[in-house]
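Ligands are counted one by one from 1 in listed order, and the atoms in each one are counted from 1 as well. All values derive from a computational prediction rather than experimental measurement.
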Amino acid sequence: MAITSKSIALTFIFLSYTVSCVSSQRETKFLNHGFLEANLLKFGSSKVHPSGLLELTNTSMRQTGQAFHGFPIPFTNPNSTNTISFSTSFVFAIITPGSGAPGHGLSFVIAPSMDFGQAFPSNYLGLFNTSNNGNSSNRILAIEFDTVQSVEMNDIDDNHVAIDLNGVISIDSAPAAYFDDKQAKNVSLRLASGDLIRVWIEYNATEMMLNVTLAPLEHPKPNFPLLSRKMNLSGILSQENFIGFASSTGTITSTHFVQGWSFSIEGRAAEIDITKLPSLPDSPPSPSPNPPVSLKKSSNNTKQIIIIAASATVVVTIVIILGFWIFRRRQTLITGGARKFSYKTISSATSGFSRSLGEGNTGRFFRGQLAPGETIAVKRITCSTRQQKLSLIARIDTISRIRHRNLTNLLGYSSQGNEVYLIYEYVSNGSLDRFLFSNDRPVLTWSERFNVVRGIATGLQYLHGECQRALIHGNVKSSNVLLDEELQARLGDYGQGNRQSNNTGHAAGELVETAAVQTSDVDVFAFGVLIMEIVCGRRVVEPSRPPGEISLVNWVLQGFRNGNELECCDVRINTNELVEREVLLVLKTGLLCINRSPQVRPVMRRVVQYLDGTASLPQDDNVFNGV
Ligand SMILES: *[C@@H]1O[C@H](CO)[C@@H](O)[C@H](O)[C@H]1NC(C)=O
Ligand SMILES: *[C@@H]1O[C@H](CO)[C@@H](O)[C@H](O)[C@H]1NC(C)=O
Ligand SMILES: *[C@@H]1O[C@H](CO)[C@@H](O)[C@H](O)[C@H]1NC(C)=O
Ligand SMILES: *[C@@H]1O[C@H](CO)[C@@H](O)[C@H](O)[C@H]1NC(C)=O
Ligand SMILES: *[C@@H]1O[C@H](CO)[C@@H](O)[C@H](O)[C@H]1NC(C)=O
Ligand SMILES: *[C@@H]1O[C@H](CO)[C@@H](O)[C@H](O)[C@H]1NC(C)=O
Ligand SMILES: *[C@@H]1O[C@H](CO)[C@@H](O)[C@H](O)[C@H]1NC(C)=O
Ligand SMILES: *[C@@H]1O[C@H](CO)[C@@H](O)[C@H](O)[C@H]1NC(C)=O
């Protein structure tokens, strides 16, 4: 079956090339409802579905996908040196599995070449890499629809639209929103809601104005653009350019789709007819694909019609065959919330549990390889009673729905005998404690540490409030924080009803004394200790030190009282890069979190606000002394 559909698809690709070659060599305007008949070149992970839907990435990790209009577009007026005006409109959707965080975004690109083979995924959006990012010889203009806040790239938030020139550090950006003409106000919009969003990008070379406007699909074009920026693109853009789309995923992922696209040099791009767009995979498939719309008048109409009719027949056949095939696959794959792996798969992926990654809270972690490039971490939990096993499996469904960029995501589970295996994505850089307390890892810089602190806070905030059911982590400590390849913090080992067996000084006093029911307050306390460890590069209790320095908390308090907090910092951090304001912010937040009185400890949402600077710490210095 696979071979048949492949060969049909190849025939079809050949046919669609013929169609576009017949229609024009120097197109300056086009309109595509779906991309079946479009003259589109696809790179990386991008593909066109049988319905005509363009998929730039699926939800696999660290992908990049680009798709370009097959012919270069002349961007100069032969009679002058100025870049000419252009206008484009397209419809996209970003779909994220579960209720998790989306990643990383989609952009419209104008570039002198289609060669993005060396571009990086994640926050480089499949457009740039570390060596060419920001280089003016790129001559690339991109409008990004970014769903991750990359601190490194100075992103304003995790849901913004921005203008990028030659790099992913934007020259202008705004939180995604549209102007509602009736209500005369801005209405914000979630880029990754899964809903269809229509975009208009217009550049007038006379005014030298670039406008970016977006709105929900059914909404008419708003009167005011979201971004409007004066830019002289002559001398920046090349004389001939390729236009298209790029997307990427990182360790958090989304499927990025484009449904339709129109473009025009000089004059307005044709309006997209929303009734002709292909439907998204989850909605019922449309009965037949829509015929292509060619704006160019061709003398060769009959020939085109014959070819189009022929390819339409092929398309219908493919849709039916693939639809049937997908339907059958769906039936076998989707059985419940969490994906269940067979014990055999897990055992062979981990080579019989031979590569240990270390001991977790209630079980040991092993490294495994599901497929080439798909590394996993498997946690083996031995249950002592049948009841324990059943309640753990019951919890897996909840855990698997938790998805956040600062948490290690559960991919599935497996069980055999009295053992349960939790399968997580593998986080490449290992645990934070090795970075902090041993010398076999690079020393984290101040900005990396500050970023890790914020990452952990955001992950905990999500566990405590934003996921469907509030969860207490119960064991926040440096060995439970993993760092990914971009040194972003990923909090692990949550949601299994961890017993508090914490005698490392991370547990709040009232818990030790009364063995009280766990509350989120316990996590706040442990978080406070952890972030002080991150700043100071030492453990909370170090018995080998002189008496006054054994307790980290006392040490920080002394520094705080004597006004030399900076001296508490890990001596391995280069002092030139320390940002005093941030160091103070983290240490004071830490002290507040470990206040002896639980009522004074902030909730994680508040902590995130302190760290982001959207709320200020209490004025009264005494609250930091109450430990
Ligand atoms: C994404 O696409 C690649 C290549 O087509 C495929 O190997 C992978 O299984 C897909 N991933 C998902 C989650 O569908
Ligand atoms: C360029 O100038 C020539 C002569 O003045 C004119 O015929 C032609 O239409 C112009 N081309 C464009 C694209 O404006
Ligand atoms: C970045 O991409 C350019 C080409 O666009 C390539 O020459 C260069 O080697 C790449 N750098 C890295 C670090 O991959
Ligand atoms: C920018 O790229 C050009 C060509 O790839 C290279 O020669 C130049 O050194 C780069 N400039 C910087 C600042 O990296
Ligand atoms: C709407 O948002 C735009 C862009 O952020 C801003 O310039 C404009 O003032 C806002 N308009 C209103 C009515 O809030
Ligand atoms: C851009 O938006 C501004 C403000 O609404 C408008 O005056 C201007 O004509 C627009 N330009 C283009 C090229 O759409
Ligand atoms: C725009 O840039 C081009 C090329 O750098 C330059 O020749 C032109 O004078 C600029 N136009 C304006 C109005 O600044
Ligand atoms: C660009 O702006 C000028 C001046 O406002 C206007 O005359 C012209 O029609 C605009 N061009 C396009 C393509 O919108």
Side-chain angles (χ1 to χ4, degrees), residues 2 5-6 9 42-50 53-65 67 95-98 100 102-103 111-113 115-116 118-119 121 126 128-140 156-157 159-163 165-167 169-170 172-189 209-215 222-230 236 238 247-257 281-282 322 325-326 329-330 332-334 339 341 370-374 376 400 403 409 411-412 423 425:
S5 25
K6 210 172 197 169
K42 299 171 284 292
F43 302 90
S45 57
S46 68
K47 53 181 171 247
V48 171
H49 284 218
L53 192 61
L54 168 62
E55 177 191 290
L56 291 162
T57 73
N58 63 14
T59 53
S60 288
M61 287 187 234
R62 294 185 68 79
Q63 297 183 87
T64 62
I95 296 183
T96 313
S113 96
D115 180 13
F116 286 82
Q118 311 223 40
F128 303 101
N129 62 30
T130 43
S131 60
N132 67 10
N133 189 26
N135 189 326
S136 59
S137 69
N138 291 336
R139 309 185 83 177
I140 294 173
I156 51 166
D157 65 10
N159 184 49
H160 60 272
V161 181
I163 302 172
L165 202 55
N166 297 324
I169 297 185
S170 311
D172 203 350
S173 60
Y178 66 99
F179 185 79
D180 187 305
D181 301 322
K182 284 203 201 97
Q183 301 179 48
K185 64 167 193 181
N186 289 329
V187 179
S188 63
L189 199 67
M209 282 294 267
L210 178 69
N211 285 356
V212 181
T213 315
L214 66 162
N223 284 337
F224 296 101
L226 173 66
L227 292 171
S228 184
R229 189 173 173 101
K230 200 163 172 70
I236 293 179
S238 175
S247 264
S248 71
T249 61
T251 43
I252 48 171
T253 67
S254 301
T255 313
H256 297 92
F257 290 118
D282 279 343
L322 272 171
W325 181 64
I326 288 169
R329 272 179 66 103
R330 276 266 162 96
T332 54
L333 278 183
I334 299 170
R339 181 163 165 207
F341 292 83
L370 263 189
E374 202 177 354
I376 50 172
S400 70
R403 289 192 160 259
N409 294 324
L411 302 175
I423 294 115
E425 54 181 326

Close N or O approach (Ser131, ligand 4; < 3.5 Å)
no

Between the side chains of Ser254 and Thr96, does any donor sit under 3.5 Å from an acceptor?
yes

In this structure, atom 2 (O) of ligand 4 is nearest to the protein heavy atom Asn135 ND2, 2.3 Å

Checklist entry - Hey, is NZ on Lys230 packed in by over 12 heavy atoms from elsewhere, all under 6.0 Å? => result yes

Value for CE (Met61) from OG (Ser248), rounded to nearest 0.5 Å, stands at 14.0 Å

One should read off an interatomic distance between Gln63 CD and Ser247 OG, to the nearest 0.5 angstrom, of 10.0 Å

min-distance protein heavy atom vs atom 1 (C) of ligand 1 -> Asn58 ND2, 1.4 Å

Practice problem: Please check atom 11 (N) of ligand 4 for a protein heavy-atom neighbour under 4.0 Å. | Solution: yes

Q. Any protein heavy atom sitting closer than 4.0 Å to atom 7 (O) of ligand 5?
A. no

A student checking ligand 1 against Thr59 at a 4.0 Å heavy-atom cut-off should list atoms 13 (C)

Heavy atom of protein closer than 4.0 angstrom to atom 14 (O) of ligand 5
yes

Taken to the nearest 0.5 Å, the spacing of Thr213 OG1 from Phe224 CZ works out to 11.0 Å

Atom 9 (O) of ligand 1 has as its nearest protein heavy atom Ser60 OG, 4.4 Å

>> Pairing donors with acceptors under 3.5 angstrom, does anything connect the side chains of His256 and Glu55?
In response: no

Discussion item. Within the 3.5 Å criterion, strictly below it, is a donor on Asn409 or Glu425 matched to an acceptor on the partner's side chain?
Written reply: yes

N/O separation below 3.5 Å, Asn186 to ligand 5
yes

With Leu227 as partner, the option from Leu214, Asn211, Asp172 fulfilling side-chain contact (heavy atoms from CB on, under 4.5 Å) is Asp172

For atom 4 (C) of ligand 5, the closest protein heavy atom turns out to be Leu226 O, 3.5 Å

In ligand 1, the atoms that come under 4.0 Å of a heavy atom of Lys47 are 2 (O), 5 (O)

For Ser137, the atoms of ligand 4 under 4.0 Å from one of its heavy atoms are 1 (C), 2 (O), 3 (C), 4 (C)

